[in-house]
Amino acid sequence: MILKAAFYEGNRSVRVGEGSSQLPGPDQVQLQVAYCGICGTDLHLFHGNMDHRVRIPQVFGHEVSGTIRAVGDRVKNFKPGDHVTVRPLDPCGECPACRAGHSHVCQRLKFIGIDAPGALQTLWTVPAHTLHLLPGSLSLETAALVEPLAVACHDVGRAKLNRGEYVVIQGGGPIGILIAIVAKQRGAKVLITEVNPFRLNLARELGFEAMNPQTEDVVKYVTEQTATAGADVVFEVSGSAAGAASMTKLARVRGRIVVVAVFSEIPKVDLFQFFWRELALAGTRLYEPHDFEEAIELVSSGNLPLERLISEVCSLEEIPSALHQLESGGKAMKILVQCSEQ
């Protein structure tokens, strides 16, 4: 087997070169990576926004599916040949957040793929506690969507969404679409707002109502659709100043706003509306183990149109081109990298 890896080298540069084979320690496993998705976090890393966290040159990537090749001496729940995905979080287990049961937002959290080498390589050694077993019948290509779907499950969970509620999702990228899929699966009525024509059309093709907030009056439309009440839940996934400004205009009295996006600059938010309408604001970051289990169950059901989100599958050598394609905001939703043949 030829071992390859994609190394981020700083200055918006990625080099594909010879990979390595690290034998697992007592509590580790070695995976042969099948597919790894490229996400917004990877773009942030590529743009240099995380240079203070990475050790250049570093392998990156974390939306993964693969097969176990070897296990450490103390690993009991997994064996070679198992198909798995990785929840790429390595918490300290000792800080106040961990002791309170919130290890996914550990105060000293190591995110594997940023703070430690990631999945864009042929073989990858990770802690066994990060693994989730996949059904053997599940396609490894589709399984690479489990991690971002777990993000969406966590986001919808933070919203405390109820069946029949009216939901507005600001931002129709991969996470926004996945939130819409999970919210619809839970019985919500969903409206997506998006400015990218390709993503806007894809949302509509997937059966969602979708509007362009730059050319249509979304607030007026939501007001009419809800008999002047407003949306029960607003998910802010756009990360834009316009999204931060409009989210408080869309929510009903005692509505909930869930901030999913990572803002590059501190946005202006109309706090008066929180007072006037008694709004609730929830932050959401990453996921918990039960979110992964729910995501695996949803993917395995075969009832969700997840394959439609995969725009293309490329090789490790094609990663630089894929990154440029995604940052241009063109006709792409989710690009997967095939790291090995299995």
Side-chain angles (χ1 to χ4, degrees), residues 1-7 16-39 42 59-90 111-113 116-151 287 289 291-302 304 306-307 309-310 312-319 322 334-342:
M1 179 186 297
I2 299 175
L3 303 184
K4 297 180 181 180
F7 299 90
V16 178
E18 184 178 351
S20 61
S21 176
Q22 177 187 343
L23 291 176
D27 299 304
Q28 294 179 316
V29 297
Q30 183 189 68
L31 307 181
Q32 181 176 339
V33 179
Y35 296 92
C36 181
I38 301 176
C39 74
D42 299 319
V59 182
F60 61 108
H62 59 273
E63 298 182 356
V64 67
S65 64
T67 304
I68 295 178
R69 282 177 57 92
V71 301
D73 295 339
R74 292 200 292 258
V75 177
K76 305 301 181 185
N77 297 327
F78 300 96
K79 65 184 185 302
D82 284 346
H83 288 181
V84 294
T85 187
V86 173
R87 179 170 37 90
L89 310 181
D90 195 8
F111 188 91
I112 304 173
L120 285 167
Q121 54 185 319
T122 310
L123 299 179
W124 189 31
T125 298
V126 295
H129 70 76
T130 65
L131 298 185
H132 287 264
L133 188 66
L134 298 170
S137 59
L138 179 62
S139 157
L140 287 174
E141 183 175 314
T142 308
L145 297 176
V146 166
E147 192 270 357
L149 184 59
V151 171
Y287 25 59
D291 297 312
F292 260 74
E293 292 303 317
E294 180 183 358
I296 291 169
E297 184 177 344
L298 288 173
V299 173
S300 302
S301 72
L304 306 182
L306 298 175
E307 291 81 3
L309 273 64
I310 301 173
E312 64 177 270
V313 178
C314 71
S315 66
L316 280 165
E317 288 81 4
E318 295 171 310
I319 287 175
K334 175 62 65 179
I335 296 178
L336 300 185
V337 181
Q338 186 171 8
C339 298
S340 71
E341 294 186 6
Q342 303 194 30

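With Trp124 contributing its side chain and Pro117 its backbone, the two residues share a donor-acceptor pair below 3.5 Å. Distance alone, capped at 3.5 Å, is enough to place a donor-acceptor pair between the Glu318 side chain and the Ser315 backbone. No donor-acceptor distance shorter than 3.5 angstrom exists from the side chain of Ser20 to the backbone of Gln22, with no hydrogens or angles considered. Using modelled atom types, no side-chain atom of Thr85 and backbone atom of Val146 make a donor-acceptor pair closer than 3.5 Å.
In this structure, the side chains of Glu63 and Ile38 stay at 4.5 Å or more apart for every pair of heavy atoms.
Looking at residues two or more places apart in sequence or on another chain, you find a salt bridge (charged side-chain N to carboxylate O under 4.0 Å, His left out) between Asp82 and Lys79. Applying the side-chain hydrogen bond (donor to acceptor under 3.5 Å, both in side chains) criterion to Gln121, with sequence neighbours excluded, gives no partner residue. Under the side-chain hydrogen bond (donor to acceptor under 3.5 Å, both in side chains) criterion, Ser340 pairs with Gln32, Gln342, sequence neighbours left out. For Phe111, the ring-ring contact (aromatic ring centres under 6.0 Å, His included) partners are His62, not counting sequence neighbours. Annotation: side-chain hydrogen bond (donor to acceptor under 3.5 Å, both in side chains) contacts of Gln28 (sequence neighbours excluded): none.
Counting heavy-atom neighbours within 6.0 Å of Glu297 CD, excluding the residue itself, gives a total of 12 or less.
Counting all heavy atoms, side chain and backbone alike, Asp291 lies closest to Ala150 at CB-O, 3.6 Å. Closest of all the heavy-atom pairs between Gly37 and Leu336 is CA-CD2, 3.7 Å. Here the shortest heavy-atom pairing between Ala128 and Phe78 reads O-CE1, 3.9 Å. The heavy-atom pair separating Pro24 from Val71 by the smallest distance is CG-C, 3.9 Å.
With respect to Glu312 and Lys334, no salt bridge is recorded, no charged nitrogen being found less than 4.0 Å from a carboxylate O.
Counting only residues at least two apart or in different chains, ring-ring contact (aromatic ring centres under 6.0 Å, His included) contacts with residues 130-150 comprise His132-Phe292.
Remark: the Ser21 side chain and the Gln30 side chain contain an N/O donor-acceptor pair separated by less than 3.5 Å.
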